[in-house]
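Bear in mind the structure is a predicted one, so any value in this text is a computation, not a measurement.
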Amino acid sequence: MNELLSAINAVRATARSCGGTAMPAAAALSWNALLAHAAAAHSTDMATHNFFSHTGSNGSNMAQRVDAAGYVWQALAENIAAGNASVAATVSQWVNSPGHCQAMMSATYVHVGGACRYNASTQYGYYWTIDLGKPF
C-alpha cells in the first residue's frame, strides 16, 4: 500500500482547512503492519458482510480491533470509505470530509496502516479502512 501511504503523506505535507478548521502541515507518517492488519480485518469484515460502519459485524470498535492486532497505542483514529476503486479518489473523499481530513492531518499520529477489500456482490464493492496511531 505504498500508494496509499504516499497519498496520505502528500495530503499532510500541505496546510489545509478541514471543514473550516485550519490544520498546519504535519510530518509524514510511517506505515505500521499492525495497524494495517487491523484495517484489513475491518475492510474484510465490511466487504464480506456488506455493511459500512466503524462498528464491526461482531460489535467491535476501532480500539478493540487495533488491540487485537497487537498495536500498543496512546492515540488512535480511523477513517473508512466505500465505493471508490482508486487510492486517489478515496483520499480525496477523506480530504473533503471534515472529521476524516482532521484525522489525516493531525500531528498527533505517527503511524498509519490501511487496506482496501473488494466484493462485487456488495452495495459499494470497495471498502477502505485506515487506522492512524501514536504508540506508547
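Sorted by first and then second residue, the disulfide bond (SG atoms under 2.5 Å apart) pairs with a member in residues 9-104 read C18-C101; sequence neighbours excluded. Under the salt bridge (charged side-chain N to carboxylate O under 4.0 Å, His left out) criterion, the residue pairs touching residues 56-68 are R65-E78, with sequence neighbours excluded.
Checking side-chain atoms of T44 against main-chain N and O of A40 turns up a donor-acceptor pair under 3.5 Å. The backbone N or O of H100 lies less than 3.5 Å from a partner atom in the side chain of N79, making a donor-acceptor pair. Panel note: side chain S43, backbone R117; no donor-acceptor pair is recorded below 3.5 Å. R12 contributes no side-chain N or O that, together with a main-chain N or O of A107, makes up a donor-acceptor pair within less than 3.5 Å. Judged by distance alone, with hydrogens and angles left aside, the side-chain atoms of D45 form no donor-acceptor pair with the main-chain N or O of G56 at under 3.5 Å. The backbone N or O of G99 lies less than 3.5 Å from no partner atom in the side chain of Q102, so there is not a single donor-acceptor pair.
Across all their heavy atoms, A63 and W73 have their closest contact at CB-CZ2, 3.7 Å. Closest non-hydrogen pair, A13 versus A25, comes out as O-CB, 3.5 Å. Listed here is the closest heavy atom pair of P135 and V110: CD-CG2, 3.5 Å. The two residues Q64 and G59 come nearest to each other via the heavy atoms OE1-O, 3.9 Å. Closest heavy-atom contact between H42 and I80: CD2-CG2, 4.0 Å. The two residues A69 and H37 have their closest heavy-atom pair at CB-CD2, 3.8 Å.
Atom CE in M46 sits 10.5 Å away from atom OG in S57 (nearest 0.5 Å). A distance of 4.5 Å separates NZ in K134 from CD in Q74, rounded to the nearest 0.5 Å.
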Show the numbers, then the answer: is there a side chain to side chain contact (heavy atoms under 4.5 Å, CB included) between V91 and L4?
CA-CA 8 Å; V91 172; L4 180 58; 4.0 Å; yes
Might you work through the side chain to side chain contact (heavy atoms under 4.5 Å, CB included) test for W31 and L5, ending with a clear yes or no?
CA-CA 7 Å; W31 190 260; L5 177 62; 4.0 Å; yes
Trace of the side chain to side chain contact (heavy atoms under 4.5 Å, CB included) decision for I8 with V112:
CA-CA 9 Å; I8 293 167; V112 66; 4.2 Å; yes
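L76 and L132 fall into different hydrophobic clusters, where Ile, Leu, Val, Met, Phe, Trp and Tyr residues are linked whenever their side-chain heavy atoms come under 4.5 Å apart, directly or through other members. A continuous path of ILVMFWY side-chain contacts below 4.5 Å connects V95 to L29, so both sit in one hydrophobic cluster. Residues Y127 and V87 fall into different hydrophobic clusters, defined by Ile, Leu, Val, Met, Phe, Trp and Tyr side chains chained together at heavy-atom separations under 4.5 Å. Y124 and I130 fall into different hydrophobic clusters, defined by Ile, Leu, Val, Met, Phe, Trp and Tyr side-chain heavy atoms under 4.5 Å apart, directly or through other members.
Side chains of N119 and S121: a donor-acceptor N/O pair is present below 3.5 angstrom, by distance only. Side-chain N/O atoms of H111 and Y71 include a donor and acceptor closer than 3.5 Å.
Looking at heavy atoms from C-beta onward, T55 lies out of side-chain contact with S60 at the 4.5 angstrom threshold. Counting only heavy atoms from C-beta outward, the side chains of V11 and M105 approach each other to under 4.5 Å. Between D131 and Y109, every side-chain heavy-atom pair lies at or beyond the 4.5 Å cut-off.
Between W128 and W94, the two ring planes are perpendicular [angle over 60°; tilted spans 30° to 60°].
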